[in-house]
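Atoms considered below: every heavy atom in the structure, side chains included; atoms not considered: hydrogens, waters and symmetry mates.
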Amino acid sequence: MHERENILKIFQETKEAVSKEDSAKIKNLSDKTTNSASLTHDPDNIAAAVIVYSLSKIIERQDYKKLPGWDKFYNIYLESIDRIIDALKKSDDKGYREGVKIIREGISKLSGKLKDRIQQVFRDASINKASRIYEHGISMERTARLLGVTLYELASYAGEKESPKIPETKAIDVKTRVKTAMEIFG
């Protein structure tokens, strides 16, 4: 596992932000993890980015709290974060991965609308993080494989994002182009 201390700090700060229901802070923490994941290509970093980002999205959607199974899922999530923090403090990579696995299994035990919505949040989070990692210069194929999304999903999402504004270039007349070429090569 790369950057264990960074991941530990991210999860500790995430736990604190969850208690305040500060989804913006949690999303910001996820972005920090994404930057690390882009550099290291570390699956543990990537898992942290997806989990933390998903949590930010889940917390900001207040209507989820009204759905059957919410309390059970939320408790599993918080207990898993505690387990992840403890494992990271002990340099227990296996324990960290087990905490991640418990979150995923907790989703599969849900039913109805809550299960569908949370599964979609995790899927969207994976695609979002894949796009962010791809923006850092990792190949689309490698990024898709690292995050378990299809090339089509990643390409579609990356293509939908607004491209940066590039100032319009002015057309240069032929005389100016010839003059510039003569200065360069003359």
In residues 106-114, what donor-acceptor pairs under 3.5 Å come from side-chain atoms, sequence neighbours left out?
from, atom 1, to, atom 2, distance (Å)
Ser108, OG, Glu105, O, 2.7

Any pair counted as salt bridge (charged side-chain N to carboxylate O under 4.0 Å, His left out), so long as it reaches residues 117-131, sequence neighbours left out | Asp31-Lys129, Asp63-Arg117, Arg123-Glu153

What distance do Ser19 atom OG and Leu78 atom CG have between them, rounded to the nearest 0.5 Å?
-> 9.5 Å

Distance col, row Glu21:CD vs Glu60:CD, nearest 0.5 angstrom, shows 11.5 Å

Under a 4.5 Å cut-off applied to non-hydrogen side-chain atoms, are Ile26 and Lys57 in contact?
-> no

Side-chain contact, heavy-atom cut-off 4.5 Å: Arg97 with Lys101?
-> no

Tell me, with the steps shown, if Leu8 and Gln12 meet side chain to side chain contact (heavy atoms under 4.5 Å, CB included).
-> CA-CA 6 Å; Leu8 172 60; Gln12 288 171 328; 3.7 Å; yes

Ignoring hydrogens and angles, state whether a donor on the side chain of Gln62 or Lys65 is under 3.5 Å from an acceptor on the partner side chain.
-> yes

Under 3.5 Å, is there a donor-acceptor pair between the side chain of Ser30 and the main chain of Ala49?
-> yes

List the atom of Phe122, the atom of Val50, and the distance in Å for their closest heavy-atom pair.
-> CD2-CG1, 4.2 Å

Provide the closest heavy-atom pair for Thr14 versus Leu55 in the form atom of the first, atom of the second, distance.
-> CG2-CD2, 3.7 Å

With sequence neighbours left out, the residues meeting side-chain contact (heavy atoms from CB on, under 4.5 Å) with Ile76 are Lys72, Ser80, Ile102

Step by step, work out the side chain to side chain contact (heavy atoms under 4.5 Å, CB included) result for Glu3 and Asp44.
-> CA-CA 9 Å; Glu3 302 201 18; Asp44 294 320; over 6 Å; no

Starting from the C-alpha separation in whole Å, work towards a yes-or-no answer on side chain to side chain contact (heavy atoms under 4.5 Å, CB included) for Tyr64 and Ile59.
-> CA-CA 8 Å; Tyr64 286 13; Ile59 286 180; over 6 Å; no

How would you list all residue pairs meeting ring pair (Phe, Tyr, Trp, His ring centres under 6.0 Å) that involve residues 76-101, not counting sequence neighbours?
-> Phe73-Tyr77

Determine yes or no for a side-chain-to-main-chain donor-acceptor pair under 3.5 angstrom, with Asn28 supplying the side chain and Ala24 the backbone.
-> no

So, for Asn45 and Thr33, which heavy atoms are closest and what is the spacing to 0.1 Å?
-> O-CG2, 3.2 Å

Between CD1 of Ile51 and OG of Ser126, what distance do you get to the nearest 0.5 Å?
-> 10.0 Å

Output for pair (Lys66 NZ, Arg61 CZ), nearest 0.5 Å, gives 14.5 Å

Of all the heavy-atom pairs spanning Gly95 and Ala87, show the shortest one and how long it is.
-> C-CB, 3.5 Å

When rounded to the nearest 0.5 angstrom, what is the spacing between CD1 in Ile7 and CD1 in Ile84?
-> 10.0 Å

For Tyr53, the other hydrophobic cluster members (4.5 Å side-chain criterion, sorted by chain and number) are none

So which pairs with a foot in residues 81-95 pass side chain to side chain donor-acceptor pair (under 3.5 Å), sequence neighbours left out?
-> Arg4-Asp93, Lys15-Asp82

